[in-house]
Number of protein chains: 2
Amino acid sequence: MADKVTIADVARAAGVSRQTVSNALNTPEVVREETRRRVLDVVEELGYRVNQAARQMRTGRSRLIAARIDPEQDGINGSVGDRFLHGLTETAAREGYRVLLYTADGDDAETAAFDDLLGAYEPDAFVLMATHHGDRRTTWLAERGVPFVTFGRAWSDPAAPHCWVDVDGAAGTEAATRHLLSQGHRRIGFLGWPKGSGVGDDRREGWRRALAEVGLGVAGLHRETEDDVVPGEHAARDLLDRDPEITALVCASDSLALGALHVARAPGPAWLAGGHPHRPVAVVGFDDTPVARAIGLTSVRQPLAEVASSCLRLLTHRLDGGAGAPPEYLLLPPSLVVRASG
Amino acid sequence: MADKVTIADVARAAGVSRQTVSNALNTPEVVREETRRRVLDVVEELGYRVNQAARQMRTGRSRLIAARIDPEQDGINGSVGDRFLHGLTETAAREGYRVLLYTADGDDAETAAFDDLLGAYEPDAFVLMATHHGDRRTTWLAERGVPFVTFGRAWSDPAAPHCWVDVDGAAGTEAATRHLLSQGHRRIGFLGWPKGSGVGDDRREGWRRALAEVGLGVAGLHRETEDDVVPGEHAARDLLDRDPEITALVCASDSLALGALHVARAPGPAWLAGGHPHRPVAVVGFDDTPVARAIGLTSVRQPLAEVASSCLRLLTHRLDGGAGAPPEYLLLPPSLVVRASG
DNA sequence: TTCCCTAACTTGAACGATCAAATCATGCAT
DNA sequence: ATGCATGATTTGATCGTTCAAGTTAGGGAA
């Protein structure tokens, strides 16, 4: 608190001008080697750190990256966002950026938040999660020329003008289905979300593909429902009741998978309420949430740390130099974490 | 992006000076009613928003609050931090602040992060989580006069010079124990963490108190172990094996409780690996994590949203006025969420 | 009338950095 | 010797606010 070291203090102590100090730090190549070293020594000695606010005024760059923190919906899938945020914070710090949080409930509230943030704090970029068809957020940002990346591909536009990083959900469910096939299962159902969501359709597609590869069809083998435990339980029960030959289920999320497990399990311990005895059915979830780990649910794991660091790298690359570079798209492979459930 | 409206633009359009615009916004009482209205109209019309960086340069206040995001340890208890962060972000926005994230691994890394942040971004305050005995972070901040609040009381200092907000853990385990007593259980064990941790000792104390109230002792009824599922399972098995009369367990965390459930449950479904058949035992966890919800575990719930908003309120009150006010301590009551496990 | 006070508003400076232009050697070709 | 490009450094201006001091007009009280 006591001492606030400014660039002028350093300049005085090093016997050079402010600008030379600035250059020694930001454009070392224009400063004579010996001077540079002397300046850096003084910087070290006095514990000088650049004042972001002052720098921002002049350069217009805040070195802040804004990201949304979700109101944790069912708490199960919510953990994905948190792991991602943590990864983002870590990589950002390494690249000299900081993560600024905001919340918003719905696309329009979020664009309003963009507006507020840009007016006041001027973050250099935004990182968006959970993109969807007709995402108004991306168009809003693009129209105003604000840099951003999304975790989630541009579902509506295969040649989107912005960068995105995503996980190949179809590859995940395909691997899950193959795994079940390799275990001898032949009739493998799918529990997913209503059609029209990019993510959901993608995950269903992987399952379909794996079955098609071995000459199996998918008629009557899938159900679509809201992404929560109870709906998942109902859908699973319905599916299993109508087709007694189903022995395994691939699910679009751990929430749905948990619902399915309530149905699929053997008689069941007293502390797991609801659901009547049923035949054993293998279940695979998606996201490898803490809940999956806790209850031994096989699940598709997204490499969230890599997604986060990739997002940041794409951003900083464009921010710190290649502003006009063409957008890059990155599709990362998930991995299957096999546990007792299937 | 195109138009950046400054206070000078507003001044020109309203036919007043910059300072009057500033006053109309920040010190309305010194501006004539009519002028004020005119200025605010123009502000609205042009969409003027104060530039934080510029304001910060002059006032030294950034309106940023820094908070740590944890590297999610076992993922079960991690969710507590995320819910707290979300609450913080929401309340902060309402009070005109933003949350800036950082990560750190251990007290010393965290004080280093303080130093970095203070040098560059100058956050107005810090919010710390998970205080413990001999917390070096609080002394570091206090020595430098940096404002902060902690979620977690000052374990080592009953008259700490800083504000804190905490949840009454003892009251939580006490309520849990009473609940079990009311269900007819008489021998109720406790699974906790090694002595010396403020939080852990506090939670054990509530259990002890509830038993003492009805004249029961605690000899041989508790185990201390690392906070994770497998250690919890071992400790629970040990405890239950040695004392066949125990019919219920109160746990210091949902992780431990999950381990206990692995032991306590009836034969158990195929997908829950490990653990042999055992007598049914009621189990209560702590934190009401998503995992508890998912598996029907009775658990003590911390009012995290209130903790977060209280933390922020204490902070902003001191930042925006009463700087010298004596520290306030807030102990909030938790609540018991009863589910199938006990 | 003169003086002072207050309310309402304006002006100049400053926060700490960087940009753009200026200065000043130094070396090299003409 | 003159001119000119190059390298190393300095100087002045500026980003958008708010603080502190200054100005102006309009009342009263003496």
Side-chain angles (χ1 to χ4, degrees), chain A residues 1 3-40 42-43 46-64 96 117-122 124 319-320, chain B residues 1-40 42-43 46-64 96 118-122 124 319-320:
Chain A
M1 270 278 110
D3 52 339
K4 191 186 265 181
V5 185
T6 78
I7 206 170
D9 298 328
V10 175
R12 204 171 311 121
V16 295
S17 68
R18 292 171 331 225
Q19 187 60 38
T20 298
V21 177
S22 176
N23 286 336
L25 293 167
N26 305 313
T27 353
E29 66 273 15
V30 309
V31 177
R32 189 152 46 100
E33 171 66 13
E34 186 220 316
T35 318
R36 192 181 59 79
R37 199 147 32 207
R38 182 156 38 97
V39 170
L40 294 187
V42 175
V43 163
L46 300 187
Y48 167 80
R49 243 96 30 95
V50 60
N51 178 308
Q52 272 303 329
R55 164 182 281 181
Q56 179 181 347
M57 279 208 69
R58 196 73 253 257
T59 63
R61 306 273 320 279
S62 62
R63 301 199 81 82
L64 287 175
L117 280 166
L118 287 170
Y121 293 88
E122 308 185 285
D124 292 337
L319 291 175
D320 300 329
Chain B
M1 272 277 110
D3 51 340
K4 192 186 266 184
V5 184
T6 77
I7 208 170
D9 297 328
V10 176
R12 204 172 313 120
V16 295
S17 68
R18 292 171 332 227
Q19 188 59 42
T20 299
V21 176
S22 176
N23 287 335
L25 292 169
N26 303 314
T27 350
E29 65 274 16
V30 309
V31 177
R32 189 149 47 98
E33 171 65 11
E34 186 220 318
T35 318
R36 191 180 60 79
R37 198 146 33 207
R38 182 155 40 94
V39 169
L40 294 187
V42 175
V43 163
L46 299 186
Y48 167 79
R49 244 96 32 94
V50 61
N51 180 308
Q52 272 302 330
R55 164 181 282 181
Q56 179 181 346
M57 280 208 68
R58 198 70 254 258
T59 62
R61 306 274 321 278
S62 63
R63 301 200 80 83
L64 288 175
L118 287 170
Y121 293 89
E122 308 184 285
D124 292 336
L319 291 175
D320 300 329

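A, B, ... follow the sequence lines: proteins, then strands. Residue 1 opens every chain.
- Between the P atom of C/dC15 and the CD atom of B/Gln56 lies a distance of 15 Å, rounded to the nearest Å.
- The separation between A/Glu29 atom CD and D/dA8 atom P is 11 Å, rounded to whole Å.
- Taking for each of A/Arg55 and B/Val30 the nucleotide of DNA chain C with the nearest heavy atom, the 5'-most of the two is the partner of B/Val30.
- For A/Met57, the side-chain atoms get nearest to D/dC15 when compared with the rest of D/dT10, C/dC9, D/dC15.
- Salt-bridge annotation for A/Glu122 and B/Lys4: present, with a side-chain N of the basic residue lying under 4.0 Å from a carboxylate O of the acidic one.
- The nucleotide whose nearest atom lies closest to any side-chain atom of B/Val31 is, among C/dC9, C/dA17, D/dT9, C/dC9.
- Between the side chains of A/Asn23 and A/Arg18, no donor-acceptor pair is found at a separation under 3.5 Å.
- For the pair A/Leu25 CG and C/dT18 P, the interatomic distance rounds to 8 Å; values are reported in whole Å.
- For the pairing with A/Asp124, the salt bridge (Lys or Arg N to Asp or Glu O under 4.0 Å) check across A/Arg63, A/Arg61, A/Arg55 returns one residue only, A/Arg61.
- For B/Arg32, the side-chain atoms get nearest to C/dA8 when compared with the rest of C/dA8, D/dT18, C/dG16.
- Ion pair B/Glu34/B/Arg37 not flagged as a salt bridge, since none of the NZ, NE, NH1 or NH2 atoms sits closer than 4.0 Å to an Asp/Glu carboxylate oxygen.
- Using a 4.0 Å heavy-atom distance criterion, B/Thr20 is classed as a base contact.
- Heavy-atom distances to DNA chain D give each of B/Gln19 and A/Ser17 a nearest nucleotide, and the one nearer the 5′ end belongs to A/Ser17.
- For A/Arg63 and C/dT18, the CZ to P distance is 11 Å, given to the nearest whole Å.
- B/Thr35 has a side-chain polar atom (N or O) that falls below the 4.0 Å cut-off from OP1 or OP2 of C/dC9.
- When atom types are taken as modelled, the side chain of B/Thr27 and the backbone of B/Glu29 share no donor-acceptor pair closer than 3.5 angstrom.
- As a whole-Å value, the separation of A/Arg12 CZ from D/dT10 C1' is 16 Å.
- If you check every strand for non-hydrogen atoms under 4.0 Å, B/Arg49 touches sugar and phosphate atoms only.
- The separation between A/Tyr48 atom OH and C/dT18 atom C1' is 10 Å, rounded to whole Å.
- Residues A/Glu33 and A/Arg18 both approach DNA chain D. Their nearest nucleotides, taken by heavy-atom distance, put A/Glu33 toward the 5′ side.
- Considering only side-chain N and O atoms, B/Ser22 lies under 4.0 angstrom from the phosphate OP1 or OP2 of D/dT18.
- Between A/Glu34 atom CD and D/dA8 atom P the separation is 12 Å, expressed in whole Å.
- No hydrogens or angles were tested; on distance alone, a donor-acceptor pair under 3.5 Å links the side chain of A/Arg58 to the base of C/dT18.
- Here the nucleotide nearest the side chain of B/Asn23, chosen from C/dT10, D/dT17, D/dT10, is C/dT10.
- Look at CD on B/Gln52: it is 15 Å from C1' on C/dC15, rounded to the nearest Å.
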